[in-house]
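Computed from a prediction, not measured in an experiment: that's the story for all the values here. Indexing begins at 1, ligand by ligand and atom by atom, following the structure's order.
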Amino acid sequence: MCNLNCCTLLLISNVSPVAEGKIDRKSIVQQYNLRLNQSHPYSPVQVGNGNYAFGVDVTGLQTFLPHNTLSSWGWHNSSLPSTPNQTYPSDYTGIGCQWLIANPHRINLGRVGLWFGDIAGANVTEYILDDKEQVLDLCEGVITSLFSINDAEVHVTTVASPETDTVAVQISSTLVRTAGLGLFFDFPYVTGNNKFDAPFVGLFNATANHSTTIKYSNRGASITHTLDATVYVAEIAWEGYARISRLHESEHKYILATGQNSETLSFTITYAPQLNASTWKFETIKKQAAAWWPDYWSTGGFISLPASCNSSANEIQRRTVLHPPPPPTQESGLVNNEWYGKFHMEMVFWHIAHWMFWGKWDLYDRSIGVYERFLTSSYERAQEQGYEGARLGKMNDPSGRSAPGEINSLLIWQQRHPMYFAEMDYRYSPTQDMLRKWDAILTGVADFMASYAYWNTTTVRYDLGPPMYPVSENSNPNATINSIFELAYWRFGLDVASKWQTRQNKSVPEAWTHVHNNLAPFPIDQDAYVTYEGIPDMWSTPDYTEDPSGLLGIYGWLPPDSRLNMTVFNNTVAKARRGDVERAVSGLLDVNNSFDGVCMPLGGTRVPTPSAAGLLLAVGMMCGGWDGFEGPVWPAGWVLECEGFTRAM
Ligand SMILES: *[C@@H]1O[C@H](CO)[C@@H](O)[C@H](O)[C@H]1NC(C)=O
Ligand SMILES: *[C@@H]1O[C@H](CO)[C@@H](O)[C@H](O)[C@H]1NC(C)=O
Ligand SMILES: *[C@@H]1O[C@H](CO)[C@@H](O)[C@H](O)[C@H]1NC(C)=O
Ligand SMILES: *[C@@H]1O[C@H](CO)[C@@H](O)[C@H](O)[C@H]1NC(C)=O
Ligand SMILES: *[C@@H]1O[C@H](CO)[C@@H](O)[C@H](O)[C@H]1NC(C)=O
Ligand SMILES: *[C@@H]1O[C@H](CO)[C@@H](O)[C@H](O)[C@H]1NC(C)=O
Ligand SMILES: *[C@@H]1O[C@H](CO)[C@@H](O)[C@H](O)[C@H]1NC(C)=O
Ligand SMILES: *[C@@H]1O[C@H](CO)[C@@H](O)[C@H](O)[C@H]1NC(C)=O
Ligand SMILES: *[C@@H]1O[C@H](CO)[C@@H](O)[C@H](O)[C@H]1NC(C)=O
Ligand SMILES: *[C@@H]1O[C@H](CO)[C@@H](O)[C@H](O)[C@H]1NC(C)=O
Ligand SMILES: *[C@@H]1O[C@H](CO)[C@@H](O)[C@H](O)[C@H]1NC(C)=O
Ligand SMILES: *[C@@H]1O[C@H](CO)[C@@H](O)[C@H](O)[C@H]1NC(C)=O
């Protein structure tokens with residue numbers, strides 16, 4: 001595939017960013033199929049659909065490790081704090097405040113594992129299994145898991161529906177017929193006590209605190225799970241003869257087994273908020289997935305890197321293929337829970353912006369509706385705080401309620417993400433419908449932005465903060481004023497909102513223009529930009545220099561502001577020690593940004609989806625280029641092809 005000279009050729013720089021269909025995508029994708037021979041204690045292999053994900057161990061199920069089954073809709077509230085008379089915000093201190101932060105929290109819907117019955121004295125652990133082999137086929141969306149126990153082979157196929165929250169499983173083994181090899185289903189309780197619940201979510205031993213009931217049907221059963229006010233169902237449908245029964249009255253474990261002539265047990269399990277008599281068949285779900293995944297791989301952007309020539313290129317290729325599809329959820333995706341499973345409005349950019357550059361507008365469209373859904377609560381928030389317009393919250397529950405907290409209340413850079421999305425959306429589809437789609441959102445947010453900026457009569461200009469937190473969240477909010485990224489983003493946001501009005505032949509509110517034109521200048525110290533105005537010892541304080549995200553963001557991420565002085569910016573870059581393409585590549589592969597064997601980003605209890613999505617964003621821009629810059633831009637010497645990317649701003 002790769003001859004000795006290929007790595008010494010020069011960068012092919014004239015590849016059309018929109019040419020599609022030249023790269024043999026399938027053969028590249030297949031090279032990165034996961035091949036494992038043991039469970040990963042931290043990062044599960046998953047199947048799912050972006051709305052729902054099912055994590056598995058080496059058996060293709062949740063047999064030995066209770067990997068999670070998380071969804072966008074499964075949430076739970078603990079009982080309200082018993083502190084009385086919490087009528088005013090000032091009453092919400094201590095327990096009451098903590099309740100608002102921790103509720104509702106995301107729940108683990110259930111666990112499905114192999115039930116070994118009497119096999120090996122019912123004492124089966126992963127270590128007594130032989131010949132373990134597991135493959136995640138990326139082109140079909142199927143996990144195949146093979147192993148043997150007492151010399152009998154077991155073959156498990158696991159696949160998720162792209163349409164419903166259904167997992168389909170087929171188990172083939174003589175043990176199904178001869179020894180009662182079957183399945184168990186179990187349901188956990190949840191407390192909301194853990195801000196970070198990883199790797200496993202929920203309590204399987206608090207059996208007295210919740211209930212399950214089973215209703216039988218022809219070749220199926222539905223189990224209703226009630227945890228306080230939360231109720232949902234698990235609908236199980238099987239083929240052929242099988243029986244399901246509860247193991248102990250006081251627990252929530254159910255066993256499914258066949259005992260007749262068949263060596264195959266196929267079933268589907270669908271989790272849903274309401275009963276829906278689902279009777280999905282294994283083959284139907286497998287066909288759905290086998291149609292969805294090839295379509296996913298063949299549309300939108302793709303990069304072919306010289307993976308066999310250079311290990312860095314190989315690692316970036318692996319990450320672009322094996323990225324966990326990042327849903328618009330918490331920063332740990334649907335892998336485990338962080339921040340109680342809530343999601344963060346400032347991170348919405350890092351969860352979905354890359355889909356625009358990769359030309360996957362259907363995936364982007366799935367989640368971009370969040371701004372419209374949250375518009376009413378954003379207006380209410382601004383009004384309560386005495387501002388005009390609509391103020392987006394930060395750490396949100398699905399209803400749009402923002403959790404209390406200092407950073408939650410004082411972070412502001414999430415406000416104008418809608419402007420970035422709207423502008424990219426309009427480039428893709430410059431229609432009246434598109435202008436209407438974003439009009440109310442941009443107007444509400446721009447009104448807030450204009451009203452948030454503070455007219456300083458001494459300096460005769462608008463200030464942002466204090467108090468505020470800058471994007472890097474690393475300064476004292478009481479001292480933070482006119483942080484550079486927020487100033488740039490404020491101007492950018494008001495600029496887009498104004499253009500939006502003009503495109504609709506409407507007049508631009510004067511307040512927007514006045515704020516835009518009179519915002520404080522970018523803060524400078526020692527001929528370089530600094531994080532905020534008056535920051536002490538910027539370049540000798542490790543806390544500040546280690547996170548120059550706001551400083552670099554004004555040029556690397558945002559389109560350059562007309563007030564940006566490139567001499568000063570270059571001085572800043574020199575001080576921040578960032579720069580050229582070689583550095584960009586080594587930045588992507590920095591040890592602080594490592595991915596494990598399952599290709600999940602490392603990060604303690606936090607599996608940071610942003611680093612997976614952020615990598616795709618950077619790769620997308622390095623392929624598709626940006627205004628005034630033709631992509632691709634990669635190290636000279638890397639022979640590569642990019643196709644199907646959209647140019648960034
Ligand atoms: C399991 O896989 C690892 C990593 O690929 C490999 O090093 C190891 O030899 C394999 N073990 C067995 C028993 O096949
Ligand atoms: C949790 O409580 C809040 C506030 O009462 C309510 O709006 C929300 O619907 C509840 N969520 C669940 C899952 O019970
Ligand atoms: C709660 O409010 C009621 C009515 O104002 C009052 O009678 C009662 O004493 C208050 N309870 C506490 C614990 O403050
Ligand atoms: C299962 O294995 C454990 C540890 O290896 C042992 O202590 C226990 O007695 C075994 N139980 C049965 C039923 O064999
Ligand atoms: C339940 O399990 C948790 C850990 O998962 C443990 O900390 C707790 O002590 C257990 N509780 C009981 C009653 O066994
Ligand atoms: C379960 O309920 C009991 C009785 O209400 C309570 O004491 C216990 O804390 C609850 N356990 C959990 C894990 O919420
Ligand atoms: C039941 O499932 C079908 C198929 O996914 C769906 O179209 C329908 O809306 C669902 N009905 C209810 C009541 O959830
Ligand atoms: C891979 O490419 C990078 C970027 O050009 C270069 O720094 C590195 O030395 C190369 N590695 C090998 C093993 O050739
Ligand atoms: C106006 O700006 C000056 C200079 O930055 C600052 O010291 C002062 O605190 C500001 N005034 C107010 C009322 O914020
Ligand atoms: C900022 O000021 C508020 C109000 O005076 C105070 O409660 C808070 O602790 C201060 N925060 C920091 C980080 O100093
Ligand atoms: C940019 O900044 C440099 C260094 O402070 C200064 O000499 C130069 O005049 C500035 N350029 C413009 C266009 O303001
Ligand atoms: C800033 O640095 C870039 C990259 O090194 C260079 O191309 C550009 O000319 C520099 N601009 C100024 C004004 O120094």
If you count the atoms of ligand 6 from 1 in the order shown, which ones are under 4.0 Å from a heavy atom of [X]?
{"X": "Leu203", "answer": "13 (C)"}
{"X": "Tyr189", "answer": "14 (O)"}
{"X": "Thr191", "answer": "13 (C)"}

Closest protein heavy atom to [atom], given as residue, atom name and distance to 0.1 Å:
{"atom": "atom 12 (C) of ligand 10", "answer": "Asn478 ND2, 3.4 Å"}
{"atom": "atom 13 (C) of ligand 10", "answer": "Asn476 OD1, 3.6 Å"}
{"atom": "atom 8 (C) of ligand 6", "answer": "Asn209 ND2, 3.7 Å"}
{"atom": "atom 10 (C) of ligand 9", "answer": "Asn456 ND2, 2.4 Å"}
{"atom": "atom 14 (O) of ligand 9", "answer": "Tyr454 CE2, 3.8 Å"}

Ignoring angles and geometry beyond distance, decide whether Glu533 reaches within less than 3.5 Å of ligand 9 through its nitrogen or oxygen atoms. yes
Trace of the ring-ring contact (aromatic ring centres under 6.0 Å, His included) decision for His67 with Phe200: CA-CA 6 Å; His67 282 309; Phe200 310 124; 5.4 Å; yes
Return yes when at least one protein heavy atom is under 4.0 Å from atom 5 (O) of ligand 9, and no when none is. yes
Protein heavy-atom contact under 4.0 Å for atom 2 (O) of ligand 6? yes
Hey, which atoms in ligand 10 end up nearer than 4.0 Å to a heavy atom of Glu406? 11 (N)
Testing Glu486, Met449, Glu533 one by one against Leu464 for a side-chain contact (heavy atoms from CB on, under 4.5 Å), which residue passes? Glu486
Measure centre to centre between the rings of Phe522 and Tyr529, then say whether the value is under 6.0 Å. yes
Please tell me whether Tyr452 and Trp490 form a close aromatic pair, meaning their ring centres lie under 6.0 Å apart. yes
Yes or no on side chain to side chain donor-acceptor pair (under 3.5 Å) for Ser72 and Asn51, after CA distance, side-chain angles and deciding distance? CA-CA 5 Å; Ser72 63; Asn51 191 44; 2.3 Å; yes
Under 4.0 Å to a heavy atom of Arg461 - the qualifying atoms of ligand 9, by number: 5 (O)
Consider only side-chain N and O atoms of [X] and [Y], and report whether a donor and an acceptor are under 3.5 Å apart.
{"X": "Asp463", "Y": "Asn456", "value": "yes"}
{"X": "Asn77", "Y": "Trp99", "value": "no"}
{"X": "Ser475", "Y": "Thr480", "value": "yes"}

Fit a plane to each ring of Trp115 and Phe184, take the angle between them on a 0 to 90° scale, and name the class: parallel (under 30°), tilted (30 to 60°) or perpendicular (over 60°). perpendicular
